[in-house]
A.B. asks: 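Could you have a look at this structure, given as structure tokens, before my questions?
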Amino acid sequence: MSLLNILIHPDPRLKKMCPPVADLTPELRKLADDMLETMYAAPGIGLAAPQVGQMTRLLVMDCVKEDDAPARPMALFNPEVTWSSEETGVYEEGCLSIPEQFAEVTRPAQVRVAWTDVHGKRQEEEFDGLWATCVQHEIDHLNGKLFIDYLKPLKRQLITRKMVKLKKERARG
Ligand code: K1U
Ligand code: ZN
């Protein structure tokens, strides 16, 4: 497995709609493994393919928080929200493509999601709590949307300026 480079906002690849996966190839299965390894190393609870420069509808996540609970690594190809609750929840979200910036985002509290698993089998499951927040955040990435797009323009611009500065500092080394 390999660690992948995570793109930092602003980057045009983070603003694009990803096309669906047509064929579940060995390369795509390896990408899912590499993304899980990259997510755990970051550390993070989710990661979407465009964040590592791969323009395809694949996300990975594992929102198990308790140290003594078994991990639940998930790879979702072509995920689709098939139902959203009217009840909403607020969570202070972060993003590996927008390091060290956090903001409250309101989303449906429960969602039902259908996806194709690594074996090519269609699955469907209802998510709530942090899992629901995370899967919606990651599906947004596949549609070129970032959590800062839910914020007021001034706050979004402030965060974007901080990220431009961070990228310049990192490029200088
Ligand atoms: O998509 C991403 O950039 C990953 C992001 C997912 C996410 C976090 C919070 C709410 C919704 C979606 C992250 O994983 S940021 C890092 C993070 O939240 C975390 C890191 C270590 C332990 C626990 C959480
Ligand atoms: Zn993110």
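Heavy-atom basis, side chains included; hydrogens, waters and symmetry copies ignored. Whatever order the structure lists ligands and atoms in, that order sets their numbers, starting from 1.
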A.B. asks: Looking only at distances, can you tell me whether any N or O atom of Glu138, backbone or side chain, sits closer than 3.5 Å to an N or O atom of ligand 1?
C.D. replies: yes
A.B. asks: If you have a sec, work out which protein heavy atom is nearest atom 3 (O) of ligand 1 and how many Å separate them, to one decimal?
C.D. replies: Leu96 N, 2.7 Å
A.B. asks: Is there a polar contact between ligand 1 and Glu93, counting only N or O atoms under 3.5 Å apart?
C.D. replies: no
A.B. asks: Which atoms from ligand 1 have a heavy atom of His141 less than 4.0 Å away?
C.D. replies: 1 (O), 3 (O)
A.B. asks: Measuring from the Zn ion (ligand 2), name the closest N, O or S atom belonging to His141.
C.D. replies: NE2
A.B. asks: Suppose we measure from atom 4 (C) of ligand 1 to each protein heavy atom; which comes out shortest, and what is that distance?
C.D. replies: Gly46 O, 3.0 Å
A.B. asks: Any side-chain donor-acceptor pair under 3.5 Å between Asp128 and Gln110?
C.D. replies: no
A.B. asks: Which residues pass the side-chain contact (heavy atoms from CB on, under 4.5 Å) test with Ala49, sequence neighbours left out?
C.D. replies: Met35, Gln54, Thr56, Leu58
A.B. asks: For atom 10 (C) of ligand 1, state whether the nearest protein heavy atom is under 4.0 Å away.
C.D. replies: yes
A.B. asks: Do other residues, nucleotides or ligands put more than 12 heavy atoms under 6.0 Å from Glu100 CD?
C.D. replies: no
A.B. asks: Below 3.5 Å, N or O to N or O, backbone or side chain included: is there any such pair between Ile45 and ligand 1?
C.D. replies: yes
A.B. asks: Atom 20 (C) of ligand 1: which protein heavy atom is closest, and how many Å away?
C.D. replies: Pro43 O, 3.3 Å
A.B. asks: Polar contacts were defined as any N/O atom of the residue lying under 3.5 Å from an N/O atom of the ligand; does this apply to Cys134 and ligand 1?
C.D. replies: no
A.B. asks: With a cut-off of 6.0 Å (strictly less than), are more than 12 heavy atoms of other residues, nucleotides or ligands near CD of Glu86?
C.D. replies: no
A.B. asks: Tell me which protein heavy atom sits closest to atom 5 (C) of ligand 1, plus the residue, atom name and distance to 0.1 Å.
C.D. replies: Gly94 O, 3.8 Å
A.B. asks: Using a 4.0 Å heavy-atom threshold (strictly under), name the region of Met39 that reaches ligand 1: side chain, backbone, both or neither.
C.D. replies: neither
A.B. asks: Looking at Trp115, I'd like to know if the NZ or CZ of Arg57 sits under 6.0 Å from its six-membered ring centre while staying within 45 degrees of the ring's axis.
C.D. replies: no
A.B. asks: Under 4.0 Å, heavy-atom basis, I'd like to know which part of Lys65 is in contact with ligand 1: side chain, backbone, both or neither.
C.D. replies: neither
A.B. asks: If you measure every N/O of His137 against every N/O of ligand 1, is any gap under 3.5 Å?
C.D. replies: yes
